[in-house]
Structures are given as C-alpha cells and as structure tokens.
Amino acid sequence: MILKDILSISGEPGLFKFIAQGKNAIIVEHLETKKRSSAYSSAKVSSLEDIAIFTDKEDMPLGKVFDLIFEKENGGLAIDSKSQPEKLKTWFEGILPEYSKDKVYTSDIKKLASWYNLLHNLNLLVKEEP
C-alpha cells in the first residue's frame, strides 16, 4: 500500500494527510474531519510509510502488512479494533504468523486494525505497482 503522505501524530486521534511544510511546523489535514491544523516540531509525527511491525526475522513495513490484511479479508474491512484482546491476537497471527509476540502489543494490533479500517473506508488503500 502507498502510505507516503499519511501521518500519525502522537497524542492526536486519527490519521492526517500532509499538506505543506511551514516555517516551524507542517500543515496537516485530519482524514475524517478534513480540518486543517499545524503540527509543530515538538509533536511526534510519524509517516505510516516509516512504521514497521516487528517479526521474528526482519521488520515488515506497514504497507506490506496492510497488503496482507487486504488479501486475507478479500478487500474488506479488518477486525473491529474494539474486539477482545485474544480475538485480536488470533486474527493478527492469521495475517502475520511470524510477528514478534514480545514486541508487538495488543494496543499496536488495535491501532493497526483501526488505521486499516479508516483508510479502507476513505478509499485510501492504494496498492503499490510491482
């Protein structure tokens, strides 16, 4: 999946789209509300493209994990992020069996499922061309 301009801002709910670079901040737009705001240099901003999931071998980029979810769910939505922790872990193990059980927490799986569902609902899951 192409996740280049999609951002997560620590302490802020939801995901954001990069709009422009300001002098001391970046201008972002909330994906759901379409409200624009500034993310200052003191905020921890992460591009979804730079996030990876720990596995027993090497880290797997979030875009590839989203591809696996898309294939497993036949292009549909992922599990509800508010599901029981054991259900979430079982679901994620079916997607990525080699994920590191020590380093990937239930909260990470919840966030992953909610981000995937949000991007799916907004038709922002764009497959990369090989």
Side-chain angles (χ1 to χ4, degrees):
M1 300 289 165
I2 300 172
L3 304 171
K4 188 176 144 224
D5 288 335
I6 300 173
L7 309 172
S8 168
I9 301 175
S10 182
E12 297 286 333
L15 294 173
F16 298 84
K17 180 179 175 187
F18 174 80
I19 301 296
Q21 177 72 47
K23 193 169 189 162
N24 295 326
I26 58 172
I27 311 300
V28 295
E29 181 178 87
H30 194 277
L31 289 180
E32 292 174 291
T33 64
K34 303 291 185 211
K35 192 181 260 187
R36 290 189 178 190
S37 61
S38 298
Y40 295 96
S41 57
S42 60
K44 186 172 181 326
V45 178
S46 303
S47 169
L48 294 194
E49 187 176 63
D50 298 335
I51 296 174
I53 301 295
F54 294 113
T55 68
D56 295 331
K57 299 171 190 141
E58 60 185 39
D59 298 349
M60 183 173 282
L62 190 60
K64 289 198 185 220
V65 176
F66 282 175
D67 285 338
L68 292 172
I69 295 171
F70 192 84
E71 288 171 22
K72 180 161 190 314
E73 302 297 341
N74 296 318
L77 290 171
I79 191 171
D80 183 14
S81 61
K82 294 179 177 79
S83 298
Q84 295 297 318
E86 288 308 312
K87 220 176 177 183
L88 284 163
K89 288 178 186 175
T90 305
W91 169 79
F92 194 59
E93 198 164 322
I95 306 251
L96 190 63
E98 67 272 11
Y99 86 93
S100 174
K101 279 111 180 120
D102 298 332
K103 295 179 183 175
V104 178
Y105 302 109
T106 307
S107 60
D108 300 326
I109 298 171
K110 281 183 176 186
K111 192 177 290 186
L112 181 97
S114 70
W115 285 352
Y116 177 87
N117 288 336
L118 172 66
L119 293 172
H120 184 279
N121 289 334
L122 296 172
N123 294 321
L124 293 174
L125 290 175
V126 179
K127 277 221 178 246
E128 286 185 62
E129 295 299 323

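Side chains included, hydrogens not; waters and symmetry mates left out as well; all remaining heavy atoms used. Numbering of residues begins at 1 and proceeds along the displayed sequence.
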Is there a side chain to side chain contact (heavy atoms under 4.5 Å, CB included) between Met60 and Glu98? Walk through the geometry before answering. CA-CA 10 Å; Met60 183 173 282; Glu98 67 272 11; 4.2 Å; yes

Chi angles and distances behind the side chain to side chain contact (heavy atoms under 4.5 Å, CB included) call for His120, Ile69: CA-CA 11 Å; His120 184 279; Ile69 295 171; over 6 Å; no

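Sequence neighbours left out, not one pair with a member in residues 106-118 passes side chain to side chain donor-acceptor pair (under 3.5 Å).
The side chain to side chain contact (heavy atoms under 4.5 Å, CB included) test applied to Lys87 returns Ile79, Ser83, Gln84, not counting sequence neighbours. Partners of Phe54 under the side chain to side chain contact (heavy atoms under 4.5 Å, CB included) rule, at least two apart in sequence or in another chain, are Asp59, Ser100, Lys103, Val104. Looking at residues two or more places apart in sequence or on another chain, you find no ring pair (Phe, Tyr, Trp, His ring centres under 6.0 Å) involving Phe70. Not counting sequence neighbours, Ser41 has no partner by the side chain to side chain contact (heavy atoms under 4.5 Å, CB included) test. Every side chain to side chain contact (heavy atoms under 4.5 Å, CB included) that Ser46 has, sequence neighbours left out, goes to Lys44, Ile51. By the side chain to side chain donor-acceptor pair (under 3.5 Å) test, Glu73 is found to be paired with Trp91, residues two or more places apart in sequence or in another chain being considered.
Rounded to the nearest 0.5 angstrom, Glu93 CD and Ile109 CD1 are separated by 9.0 Å. We find the CG-CG distance between Leu112 and Leu62 to be 5.5 Å, quoted to the nearest 0.5 Å. To the nearest 0.5 Å, atom CD1 of residue Ile95 and atom OG1 of residue Thr90 are 11.5 Å apart.
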Side-chain donor/acceptor pairs under 3.5 Å, residues 4-11, sequence neighbours excluded:
none

Got a list of side-chain donor-acceptor pairs under 3.5 Å for residues 27-38, not counting sequence neighbours?
residue, atom, partner, partner atom, Å
Glu29, OE2, Arg36, NE, 3.2
His30, ND1, Glu32, N, 3.2
His30, ND1, Thr33, N, 3.3
His30, ND1, Thr33, OG1, 3.4
His30, NE2, Pro13, O, 3.1
Thr33, OG1, Lys35, N, 3.3
Lys34, NZ, Leu31, O, 3.4

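Using a 4.5 Å cut-off on side-chain heavy atoms (C-beta onward), Val65 and Phe92 make contact. Here the side chains of Ile19 and Ile26 are not in contact, with every heavy-atom distance at 4.5 Å or above.
Residues Leu68 and Leu77 fall into different hydrophobic clusters, defined by Ile, Leu, Val, Met, Phe, Trp and Tyr side chains chained together at heavy-atom separations under 4.5 Å. Cluster annotation: Leu15 is connected to Leu122 through the hydrophobic network of ILVMFWY side chains, with a link wherever side-chain heavy atoms come within less than 4.5 Å. There is a path of hydrophobic side-chain contacts, each under 4.5 Å, that joins Phe66 to Leu88.
Connectivity analysis of hydrophobic side chains (ILVMFWY, heavy atoms under 4.5 Å, direct or indirect) links Tyr105 to nothing; its cluster partners are none.
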